[in-house]
Amino acid sequence: LNNIYLKNSKDEDAINIINSKSNLTNIYFENIKADAFDVDFGELKFFNINCKNVNNDCLDISGAKVSGEKLITKNILDKGISVGENSIVDINDLKLENSNIALAVKDGSKANFKNVYVDNNNFDIVLFNKKQEFLKPKLSVMNINLLNEEKILQSKDTQLLIDDKKYLGKFDDNFINS
């Protein structure tokens, strides 16, 4: 998929790719009622996803392998990126502004984010298990601007590495889920 502009979607997901191998370039979402882009299983490679005014998640990844460059989110009511269910994710050059949660990694997933700009989010990083049948998630973030540790919610036994510094979670999964 290349050069797509989706605006004013009222569907459950503006785009939902299921169990597929996909390549995307220049995908723009604006004024989306639910999730903008949902990837369930399969593989995705992308360049340049842009989400503005989304009522749920910009990029929702479940059980998938995703790599990409350049993800921009602005005014996201839930999560800029949601990574779950044993996903493996590697994304460079992210700009996440005005979201409830900028980056959420959960449920056995492994994510690497590099060159991350966060601004005016309620939480910049949330790392936890929503579903207890999965192992704890792992997240590595390199080169993040102005990290505010008060905007990190991390559950116990998760692995968080930010610019080569290890962080220890202090919250219970149930607390974060609530």
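Under the 4.5 Å side-chain criterion, counting only non-hydrogen atoms from C-beta, Asp60 is not in contact with Asp78. Annotation: side chain of Val105 is not in contact with side chain of Val89 (no heavy-atom distance under 4.5 Å). You'll find the side chain of Ile162 reaches within 4.5 Å of the side chain of Ile125, heavy atoms only. Put simply, the side chain of Lys166 does not reach to within 4.5 Å of the side chain of Leu168, judged on heavy atoms. Counting heavy atoms from C-beta outward, Leu24 and Ile17 have side chains that approach closer than 4.5 Å. Side-chain contact between Ile91 and Leu59 is present, with heavy atoms from C-beta onward closer than 4.5 Å. Using a 4.5 Å cut-off on side-chain heavy atoms (C-beta onward), Asn129 and Pro137 make contact. By the 4.5 Å heavy-atom criterion applied to side chains, Asn177 and Lys106 are not counted as neighbours.
One hydrophobic cluster holds both Ile15 and Ile61 under the rule that ILVMFWY side chains link at heavy-atom gaps under 4.5 Å. A continuous path of hydrophobic side-chain contacts links Leu1 to Leu44 [ILVMFWY only; heavy atoms under 4.5 Å]. At a threshold of 4.5 Å between side-chain heavy atoms, the hydrophobic network of Ile, Leu, Val, Met, Phe, Trp and Tyr places Ile144 and Val126 in two separate groups. Val54 and Val66 fall within a single hydrophobic cluster, where Ile, Leu, Val, Met, Phe, Trp and Tyr are joined by side-chain heavy atoms under 4.5 Å apart, directly or via other members. In the hydrophobic clustering of ILVMFWY residues, with side-chain heavy atoms under 4.5 Å counting as a link, Leu139 and Met142 come out apart.
Every residue two or more places apart in sequence or in another chain that forms a salt bridge (Lys or Arg N to Asp or Glu O under 4.0 Å) with Glu149 is listed here: Lys165. With sequence neighbours excluded, no residue satisfies side-chain hydrogen bond (donor to acceptor under 3.5 Å, both in side chains) with Asp90. Legend: residues meeting side-chain hydrogen bond (donor to acceptor under 3.5 Å, both in side chains) with Lys156, ordered by chain and number and at least two apart, are Asp172. Residues forming a salt bridge (Lys or Arg N to Asp or Glu O under 4.0 Å) with Lys131 (at least two apart in sequence, or on another chain): Glu85. In this structure Ser109 satisfies the side-chain hydrogen bond (donor to acceptor under 3.5 Å, both in side chains) test with no other residue, sequence neighbours excluded. Legend: residues meeting salt bridge (Lys or Arg N to Asp or Glu O under 4.0 Å) with Asp157, ordered by chain and number and at least two apart, are absent. Residues meeting the side-chain hydrogen bond (donor to acceptor under 3.5 Å, both in side chains) test with Asp124, sequence neighbours left out: Asn121. Under the rule for a salt bridge (Lys or Arg N to Asp or Glu O under 4.0 Å), the partners of Lys79 that lie at least two apart in sequence or sit in another chain are Asp57.
Contacts classified as ring pair (Phe, Tyr, Trp, His ring centres under 6.0 Å) and involving residues 159-178 (residues at least two apart or in different chains) are given here: Phe171-Phe175. For residues 1-42, no pair satisfies ring pair (Phe, Tyr, Trp, His ring centres under 6.0 Å), with sequence neighbours left out. Judged as a side-chain hydrogen bond (donor to acceptor under 3.5 Å, both in side chains), the pairs with a partner in residues 35-46 (not counting sequence neighbours) are, in order, Asp35-Asn56. For residues 101-133, the set of pairs meeting the ring pair (Phe, Tyr, Trp, His ring centres under 6.0 Å) definition, not counting sequence neighbours, is empty.
The minimum heavy-atom distance linking Ser9 with Ala14 is given by the pair OG-CA, 3.8 Å.
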Checklist entry - Between Leu96 and Ile76, does a side chain to side chain contact (heavy atoms under 4.5 Å, CB included) hold up when you go through it step by step? => result CA-CA 9 Å; Leu96 307 139; Ile76 310 300; over 6 Å; no

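Under the side chain to side chain contact (heavy atoms under 4.5 Å, CB included) rule, Asp93 has a single partner from Val116, Asn115, Asn143, which is Asn115.
Of the possible donor and acceptor atoms, none in the side chain of Thr158 sits under 3.5 Å from a partner among the backbone N and O of Lys136.
Taking a 6.0 Å sphere around CD of Glu133, one finds it holds more than 12 heavy atoms contributed by other residues, nucleotides or ligands. Crowding of Lys151 atom NZ: a count of heavy atoms from other residues, nucleotides or ligands under 6.0 Å exceeding 12.
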